[in-house]
Amino acid sequence: MSRQSTDKRVAVFAANGLEEIEGLTVVDLLFRAGIPVDTVSITPERTVTSSHQVTITCDRSIEDEGFSFDEYDMLVLPGGIPGAPNLKACKPLTAAVKAFDQAGKGVAAICAAPSILAELGVLTNRPATANPGFQHVLVENGAILSQAPVVVDGNVITSKGMATAIPFALEIVRHFLGDAAVEDLKPGIVLEG
C-alpha cells in the first residue's frame, strides 16, 4: 500500500469455490485507495481454489491463533458457487455478520452472497440486490428487491455479480473515504463515464 488513508480495516472472506473477480477486485481497489484489507480464508488452510480453478493464498485464516472479527470494520462476502454456500456453512462467519449488522458495522456481499445476508435476517425490510438467480431468496426473506447494480443501505452494501464488482468495490471505498476518494481512483483504473 503506497499510502494508508484510514485506520479502518476490511476483511474479504475466501472459501473454496469463490468467484475470484468479486473478491480480488475489492482487494485491489481498497489497496489503491489506501484502505487496509486482508483476504481471510474460512478454512484452516490459507490457500483456496476459486470456482474457476485459480489458486489464491490468503493473508489469514479465521482459524489462525489470535484471529478476531473485531479487528475489522467491514466484512465482505464474495459470491461464486460453491463459494457462497461454503461461506454460509461457516458458523463463526455468519455469527460475525449478524453481530456486525446489529452493531451498525459494515457488511458487504455480492452475487450469490447477499442471499446469505437475507437468510440471516440482515436484509429484512431493506433495499438490496443479488445475482438474478438468487434474488428470490432476498424476496422470500423480506428484502426490498432492487435492480440496481449496487445497493447501499446504511452499513450494508449488496451487488449483482462479477460485472458489477468495480462499482461494488467503489461503494466500499466511498463508505470509508467519501466521494472524492472514489473520483480519485477512477482515472487510475480508466473508469470512464
Side-chain angles (χ1 to χ4, degrees), residues 1 4 6-31 33-123 128 130-131 134 137 141 155-159 161-162 165 168-169 171-173 175-176:
M1 188 178 325
Q4 184 172 324
T6 179
D7 290 331
K8 303 294 186 182
R9 297 190 68 80
V10 175
V12 176
F13 290 90
N16 286 314
L18 84 150
E19 167 37 72
E20 63 274 11
I21 298 299
E22 295 166 2
L24 295 180
T25 299
V26 172
V27 173
D28 181 285
L29 290 178
L30 269 58
F31 178 89
I35 300 170
V37 57
D38 289 333
T39 51
V40 182
S41 169
I42 64 163
T43 69
E45 298 80 31
R46 289 190 182 186
T47 301
V48 298
T49 302
S50 78
S51 58
H52 302 105
Q53 303 305 303
V54 175
T55 301
I56 299 167
T57 303
C58 296
D59 301 305
R60 306 182 74 186
S61 163
I62 64 169
E63 296 196 22
D64 285 352
E65 185 175 337
F67 176 83
S68 173
F69 291 98
D70 293 335
E71 296 175 39
Y72 298 100
D73 300 281
M74 179 177 280
L75 309 180
V76 179
L77 281 59
I81 299 298
N86 286 338
L87 291 176
K88 180 183 168 186
C90 179
K91 298 304 180 198
L93 176 59
T94 56
V97 166
K98 286 177 71 171
F100 265 57
D101 180 55
Q102 289 166 356
K105 292 176 77 174
V107 176
I110 184 169
C111 193
S115 68
I116 300 168
L117 304 186
E119 290 177 334
L120 292 172
V122 171
L123 301 181
N131 179 283
F134 291 85
V137 179
N141 286 279
N155 62 308
V156 177
I157 303 170
T158 55
S159 189
M162 187 188 87
F168 174 65
E171 288 304 326
I172 296 171
V173 170
H175 176 85
F176 289 108

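The figures that follow rest on heavy atoms only: side chains count, while hydrogens, waters and symmetry mates do not. None of the values given here were measured: they were computed from a predicted structure.
By the side chain to side chain donor-acceptor pair (under 3.5 Å) test, Asp73 is found to be paired with no residue, residues two or more places apart in sequence or in another chain being considered. Applying the salt bridge (charged side-chain N to carboxylate O under 4.0 Å, His left out) test to Glu71 and every residue at least two apart in sequence or in another chain returns Arg60. In terms of the salt bridge (charged side-chain N to carboxylate O under 4.0 Å, His left out) criterion, Glu20 has no residue partners (sequence neighbours excluded). Asp28 meets the salt bridge (charged side-chain N to carboxylate O under 4.0 Å, His left out) test with Arg32; sequence neighbours excluded. In terms of the side chain to side chain contact (heavy atoms under 4.5 Å, CB included) criterion, residue partners of Thr57 (sequence neighbours excluded) are, by chain and number, Thr47. Scanning for side chain to side chain contact (heavy atoms under 4.5 Å, CB included) contacts around Ala165 gives Ile21, Thr25, Ile110, with sequence neighbours left out. Scanning for side chain to side chain donor-acceptor pair (under 3.5 Å) contacts around Ser115 gives an empty result, with sequence neighbours left out. In this view, Ser51 satisfies the side chain to side chain donor-acceptor pair (under 3.5 Å) rule with no residue, not counting sequence neighbours. Taking Asn16 as the reference, nothing meets the side chain to side chain donor-acceptor pair (under 3.5 Å) condition, with sequence neighbours excluded.
Annotation: salt bridge (Lys or Arg N to Asp or Glu O under 4.0 Å) contacts involving residues 37-57, sequence neighbours excluded, comprise Arg9-Asp38, Arg46-Asp64. Under the salt bridge (Lys or Arg N to Asp or Glu O under 4.0 Å) criterion, the residue pairs touching residues 76-98 are Lys88-Glu119, with sequence neighbours excluded. Sorted by first and then second residue, the pairs that involve residues 68-97 and meet ring pair (Phe, Tyr, Trp, His ring centres under 6.0 Å), not counting sequence neighbours, are Phe13-Phe69, Phe67-Phe69.
Smallest separation of non-hydrogen atoms from Gly80 and Pro85: O-CD, 3.9 Å. Taking all atoms of both residues into account, the shortest heavy-atom contact from Ala128 to Thr158 is CA-OG1, 3.4 Å. The shortest non-hydrogen separation linking Ala112 to Ala84 is CB-CB, 3.7 Å.
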Worked check of side-chain contact (heavy atoms from CB on, under 4.5 Å) between Phe168 and Glu22: CA-CA 9 Å; Phe168 174 65; Glu22 295 166 2; over 6 Å; no
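To the nearest 0.5 Å, atom CG of residue Leu18 and atom OG of residue Ser41 are 10.0 Å apart. Taking CG from Leu117 and CD1 from Ile157, the interatomic distance works out to 11.0 Å, rounded to the nearest 0.5 Å.
Relative to the six-membered ring of Phe100, Lys105 meets both conditions, a distance below 6.0 Å and an angle of at most 45° to the axis.
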